[in-house]
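First comes the structure, then the notes that go with it.
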Amino acid sequence: QTCALPISATFLYVSAVTTWQAYNTWGGYSLYREAAPLSGQVITNARRAERVSFNRPYGLRDGNGASDLFGNEFPLLFLLEQWGVDVAYATDLDLHQSPLMPRRHRAVLSLGHDEYYSSEMRRALSSAVDHGVNVAFFGANFIYRKIRFEPSINGPYRLMVNYRSVADPITQTDPAQSTVNWSDYPIEQPSSTFTGSTYGGAFGTGDLTVSDARGWLWAGAGVHEGQRLIGALGGEFNHYDPRQTHPPRVQLFGHSHVQGGTCDVTYVAQLGRAGVWSSGTGQWIYHLNSTPILRNRHL
């Protein structure tokens, strides 16, 4: 199946700036905690913002002002440019504002930590898959927190809202825009409904155990069923849960035991549509090449 729009580049690399901003403590607050306005030193996790602004820089404690760029995204960027891959660049704000944009590419690449999604962002990816565009999640804990945007004096989409509960005032008037977690009432659309896997936890260090060794992911890798790839997993992880709502025929390329559960490498392909691949681990991108890594410090 081909895309309905002219192809502008084979791959679309999407920086997860909504997640960057969620953890940004510049000015005193993030969506997680209160911090010293200048140093970013955590004051308390008991108070957090419900709105954060894109009209601010990133704090020095967030990747020396570069947030997740070097820790969760640069290794793939470096590899794509090193190989001369036909790639275009965007942010997830572009997904929100230009929902047809992904359909101009053959595949969309989500980077290492892609947690915060608006309804428009999610629909853009789902529609792209319906039109033959593949999606790859090079990380875990994706499509987990639901957000919406509000305008500021600087223009639209400058304020990002995330209440994480039905205390969001919009819940009563427009429940579809409520900023609960995607899996929670009144939304109840966990990431598994799209990708086949859901967030499992934050302590996913361990070995990757190969499954379906004859599948396309492992072609030419010389691995065998049950082989352990030592130290391949780390950080947050996703897992396949048959009790969760998911598309039919979820394919597992890895099924590994980690602290707190299992970490799964998943692939979903439905008849007449494209595929959605998920690494299931926050550390996949770190192993793509040997570039120096400035790991983020916001967790």
Side-chain angles (χ1 to χ4, degrees), residues 14-63 65-69 72-73 89-102 110-111 113-126 141-187 189 191 296-299:
V14 182
S15 285
V17 297
T18 54
T19 301
W20 295 13
Q21 201 59 256
Y23 286 91
N24 183 14
T25 57
W26 194 93
Y29 285 92
S30 71
L31 289 179
Y32 289 85
R33 55 188 61 95
E34 180 184 2
L38 295 180
S39 70
Q41 185 68 39
V42 175
I43 295 175
T44 177
N45 291 319
R47 291 190 298 273
R48 69 175 190 90
E50 293 166 342
R51 284 172 177 79
V52 290
S53 173
F54 280 90
N55 301 328
R56 56 184 183 150
Y58 294 101
L60 288 177
R61 294 176 65 86
D62 295 322
S67 195
D68 274 352
L69 176 62
N72 280 315
E73 302 193 2
Y89 295 94
T91 72
D92 43 19
L93 281 174
D94 296 314
L95 286 184
H96 179 90
Q97 297 176 63
S98 304
L100 297 183
M101 178 185 60
S110 160
L111 285 307
H113 194 182
D114 195 8
E115 183 177 352
Y116 286 77
Y117 267 69
S118 67
S119 297
E120 291 81 356
M121 289 164 57
R122 181 166 178 167
R123 282 197 297 267
L125 288 189
S126 180
N141 195 23
F142 41 79
I143 317 181
Y144 185 67
R145 307 283 192 191
K146 190 173 182 296
I147 57 172
R148 69 175 187 274
F149 294 100
E150 294 177 347
S152 77
I153 59 173
N154 300 87
Y157 317 119
R158 305 307 297 165
L159 299 178
M160 186 172 78
V161 182
N162 178 240
Y163 277 81
R164 302 187 189 174
S165 77
V166 292
D168 186 345
I170 207 170
T171 303
Q172 300 303 316
T173 58
D174 188 0
Q177 290 299 315
S178 181
T179 57
V180 296
N181 291 340
W182 274 99
S183 59
D184 294 343
Y185 173 87
I187 306 302
Q189 295 179 44
S191 62
N296 69 71
R297 304 195 306 175
H298 65 212
L299 294 177

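This chain uses plain numbering: 1 for the first residue, then up along the sequence.
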**Message:** Between Thr18 and Tyr116 (side chain of the first, backbone of the second, donor and acceptor by atom type, cut-off under 3.5 Å), is there such a pair?
**Reply:** yes

So CG of Asn55 and CG of Asn154: to nearest 0.5 Å the spacing works out to 4.0 Å

Applied to residues 35-60, the salt bridge (charged side-chain N to carboxylate O under 4.0 Å, His left out) test, sequence neighbours excluded, yields Glu34-Arg47, Arg51-Glu150

Here the salt bridge (charged side-chain N to carboxylate O under 4.0 Å, His left out) pairs for residues 154-166, sequence neighbours left out, are none

CD of Glu120 to CG of Leu95, rounded to nearest 0.5 Å, is 11.0 Å

For Ser165, the side-chain contact (heavy atoms from CB on, under 4.5 Å) test, sequence neighbours excluded, returns Ala167

Looking at Ser15 and Val17, would you say the former's side chain and the latter's main chain have a donor-acceptor pair under 3.5 Å?
no

- Quick one: do the Thr19 and Asp68 side chains pair a donor with an acceptor below 3.5 Å? no

Distance col, row Gln41:CD vs Leu60:CG, nearest 0.5 angstrom, shows 12.5 Å

Q) Is there a donor-acceptor pair closer than 3.5 Å between any side-chain N or O of Asn72 and the backbone N or O of His113? A) no

Closest non-hydrogen atoms of Ser178 and Thr171, given as atom of the first, atom of the second and distance, are OG-OG1, 2.8 Å

Taken to the nearest 0.5 Å, the spacing of Met121 CE from Phe149 CZ works out to 6.0 Å

Heavy-atom closest pair (Pro186 atom, Val166 atom, distance to 0.1 Å) is CD-CG1, 4.2 Å

Indicate yes or no: at least one non-hydrogen side-chain atom of Ile147 is less than 4.5 angstrom from one of Ser118.
yes

ask   = Are any non-hydrogen side-chain atoms of Glu115 and Phe142 less than 4.5 angstrom apart?
value = no

Shortest non-hydrogen pair, Gly40 vs Thr25, comes out as CA-OG1, 3.8 Å

Margin query: Do Arg33 and Ile43 have side chains that approach each other closer than 4.5 Å (heavy atoms only, starting at C-beta)?
Written below: no

_Are Asn181 and Tyr144 packed together at the side-chain level, in the sense that at least one heavy-atom pair is separated by less than 4.5 angstrom?_
yes

Ring pair (Phe, Tyr, Trp, His ring centres under 6.0 Å) filter on Tyr58, not counting sequence neighbours, yields Trp20

Contacts satisfying ring pair (Phe, Tyr, Trp, His ring centres under 6.0 Å) that involve residues 154-186 (not counting sequence neighbours) are His96-Tyr157

Evaluation steps, side-chain contact (heavy atoms from CB on, under 4.5 Å), between Arg145 and Leu31: CA-CA 11 Å; Arg145 307 283 192 191; Leu31 289 179; over 6 Å; no

Review point. Do we see a donor-acceptor contact under 3.5 Å between the side chains of Ser119 and Lys146?
Key: yes

Correct closest heavy-atom pair for Leu111 and Asp114 would be O-CB, 4.1 Å

Looking only at heavy atoms, the pair that brings Asn24 and Trp26 closest together is OD1-N, 3.0 Å

Sequence neighbours excluded, the answer for salt bridge (Lys or Arg N to Asp or Glu O under 4.0 Å) partners of Asp94 is none

Shortest non-hydrogen pair, Ala22 vs Met160, comes out as N-CE, 3.8 Å

